[in-house]
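Notes to accompany the following structure.
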Amino acid sequence: MNTTVVAQLQRQFQDYIVSLYQQGFLDSQFSELRKLQDEGSPDFVSEVVSLFFDDCSKLINTMSRSLEQPDNVDFKQLDSGVHQLKGSSSSVGARRVKNVCISFKECCDVQNREGCLRCLQQVDYEYKMLKTKLQDLFNLEQQILQAGGTIPQVDIN
Amino acid sequence: MAVGEVMRMEIPAGGDLTVTTPELHVLAVDDSIVDRKVIERLLRISSCKVTTVESGTRALQYLGLDGGKGASNLKEVNLIVTDYSMPGLTGYDLLKKIKESSAFREVPVVIMSSENILPRIEECLKEGAEEFLLKPVKLADVKRIKQLIMRNEAEECKTLSHSNKRKLQEDCDTSSSSSSHDDSSVNDTPSSKRMKSESENLSSLF
């Protein structure tokens, strides 16, 4: 095991994950999930976020259809979709996605179709952005493990 | 075992005689696949056996409370954790049905919700919910719930064994006054049998 390479990768990982918290992509719930990962369940976090991203995709499709007809928007269904998205984003620590959902809900409450369309676009952007970021993070994890190192515990509190 | 027979225990080679408490079996109900995965992991990591279902209706089916065929196959569940906001039967509806059932009314029910709505919390607690957890649920929440449940079960064990002890005392007092008559079965029953019947009584509660 090349300890210098491992140390470098660990440093990179640490800096990257801290930046994700600092830039508001992730909140403390994500670190709660990391606590649940161990040798017995080494892919727990990536599995959960994968389910989350699938959920996002599905809900965004449904909500997009609800918003299609300008004079026939099903705000009730929309609200239900936003509620679900807000819930799951909160459960994985996807902070920016969750925050867009809060605005989205406000637009639903006042039946603001334009506002909802903007929020939908934003939520789509945010989840895809997070997906890319986390993929990079998981790649770093893999590189560390392949180099024979262990993934650092990062305390963001 | 006959009276007076000594109970021998086989100590495994290696000598580790640890008594493990049986695992709690938790039924987790949530319509969100993400939340189901998280709560399942939280519970497993806390050494619980977990069954997850996606709705109140499926929960009732699992418990055999839906009036269908499942009614004859009562499951043993030590704790039910359910989301509040679900399509169809809400967590509150499910709580009510559980508390109305004779088979499961003693099973503690914990409600989870992403919304901190005081009337909702009060309503659930009034209906008999053990606790109300605010989502997102953390490991500390699950650990606390588990401790609460285990403590409640230990209290019940103590109460049961105290009431048995008292009975034994009473029987001893009555039988010592009479001459040769061997009184109640309690005196004859070896302690191992008595312990077994206590735990049988306990499990029939769930």
Side-chain angles (χ1 to χ4, degrees), chain A residues 26-59 62 76-77 79-95 97-99 101-102 104-105 109 127 130-131 134 153 155-157, chain B residues 23 26 28-50 52-57 81-94 110-117 120-121 132-146:
Chain A
L26 299 171
D27 65 30
S28 61
Q29 182 63 14
F30 187 78
S31 62
E32 284 292 319
L33 292 189
R34 291 195 74 228
K35 283 187 205 169
L36 306 180
Q37 187 159 283
D38 58 23
E39 304 83 51
S41 280
D43 301 313
F44 173 70
V45 179
S46 62
E47 285 169 6
V48 179
V49 299
S50 177
L51 286 174
F52 168 64
F53 293 135
D54 288 345
D55 216 27
C56 285
S57 170
K58 206 182 70 188
L59 287 168
T62 312
K76 199 159 169 243
Q77 191 185 44
D79 186 74
S80 165
V82 176
H83 179 86
Q84 285 179 65
L85 196 52
K86 178 163 173 268
S88 52
S89 59
S90 161
S91 295
V92 304
R95 188 170 164 276
V97 178
K98 187 186 79 176
N99 287 341
C101 289
I102 294 172
F104 203 155
K105 183 168 193 333
D109 288 345
Y127 103 81
L130 182 62
K131 192 172 177 182
L134 288 182
Q153 292 289 4
D155 185 11
I156 49 107
N157 293 311
Chain B
E23 279 188 324
V26 186
V29 191
D30 202 314
D31 60 319
S32 159
I33 192 172
V34 172
D35 289 355
R36 277 202 302 281
K37 178 127 179 130
V38 174
I39 194 75
E40 180 188 51
R41 180 71 187 145
L42 286 170
L43 289 165
R44 287 239 167 94
I45 220 176
S46 309
S47 310
C48 296
K49 190 177 142 199
V50 192
T52 56
V53 292
E54 67 203 13
S55 69
T57 312
V81 178
T82 177
D83 189 23
Y84 183 94
S85 309
M86 296 187 291
L89 275 179
T90 64
Y92 177 74
D93 298 329
L94 180 60
V110 171
I111 310 272
M112 306 179 284
S113 175
S114 54
E115 293 163 298
N116 194 2
I117 297 171
R120 173 183 290 185
I121 299 173
F132 192 98
L133 289 181
L134 215 48
K135 282 181 163 183
V137 181
K138 301 173 173 39
L139 195 55
D141 297 323
V142 173
K143 287 199 161 144
R144 195 182 72 244
I145 299 288
K146 192 185 174 197

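Just so we're on the same page: letters track the sequence lines, and every chain starts at 1.
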* Asked: Checking A/Asp54 against chain B: side chain, backbone, both or neither under 4.5 Å from a heavy atom?
  ->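 No part of it gets close to chain B.
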Check each atom of A/Val92 against the heavy atoms of chain B and say whether the ones under 4.5 Å are side chain, backbone, both or neither.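 When you check distances to chain B, only side chain atoms of A/Val92 fall under 4.5 Å.
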At what distance, to the nearest 0.5 angstrom, does [atom1] of [X] lie from [atom2] of [Y]?
{"X": "B/Lys37", "Y": "A/Ser88", "atom1": "NZ", "atom2": "OG", "answer": "15.0 Å"}
{"X": "B/Asp35", "Y": "A/Ser90", "atom1": "CG", "atom2": "OG", "answer": "8.0 Å"}
{"X": "A/Ser91", "Y": "B/Asp30", "atom1": "OG", "atom2": "CG", "answer": "7.5 Å"}
{"X": "B/Ser114", "Y": "A/Lys86", "atom1": "OG", "atom2": "NZ", "answer": "5.5 Å"}
{"X": "A/Lys58", "Y": "B/Ile33", "atom1": "NZ", "atom2": "CD1", "answer": "7.5 Å"}

Can you tell me which portion of B/Ile45 sits under 4.5 Å from chain A's heavy atoms? Options are side chain, backbone, both or neither.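 Interface part for B/Ile45: side chain.
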- request: Return the minimal non-hydrogen interatomic distance between B/Val38 and A/Phe44, and the atom names on each side.
  value: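 Taking B/Val38 first and A/Phe44 second, the nearest heavy atoms are CA-CZ, 4.3 Å.
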- Do any N or O atoms from the side chain of B/Arg41 and from the backbone of A/Leu36 form a donor-acceptor pair under 3.5 angstrom?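 Answer holds: yes.
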- Message: Are A/Gln29 and B/Lys138 packed together at the side-chain level, in the sense that at least one heavy-atom pair is separated by less than 4.5 angstrom?
- Response: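 A/Gln29 reaches B/Lys138 side chain to side chain.
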Most chain B-contacting option - heavy-atom pairs closer than 4.5 Å, from A/Val49, A/Asp55, A/Leu33, A/Asp38: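 Option with the top pair count is A/Asp38.
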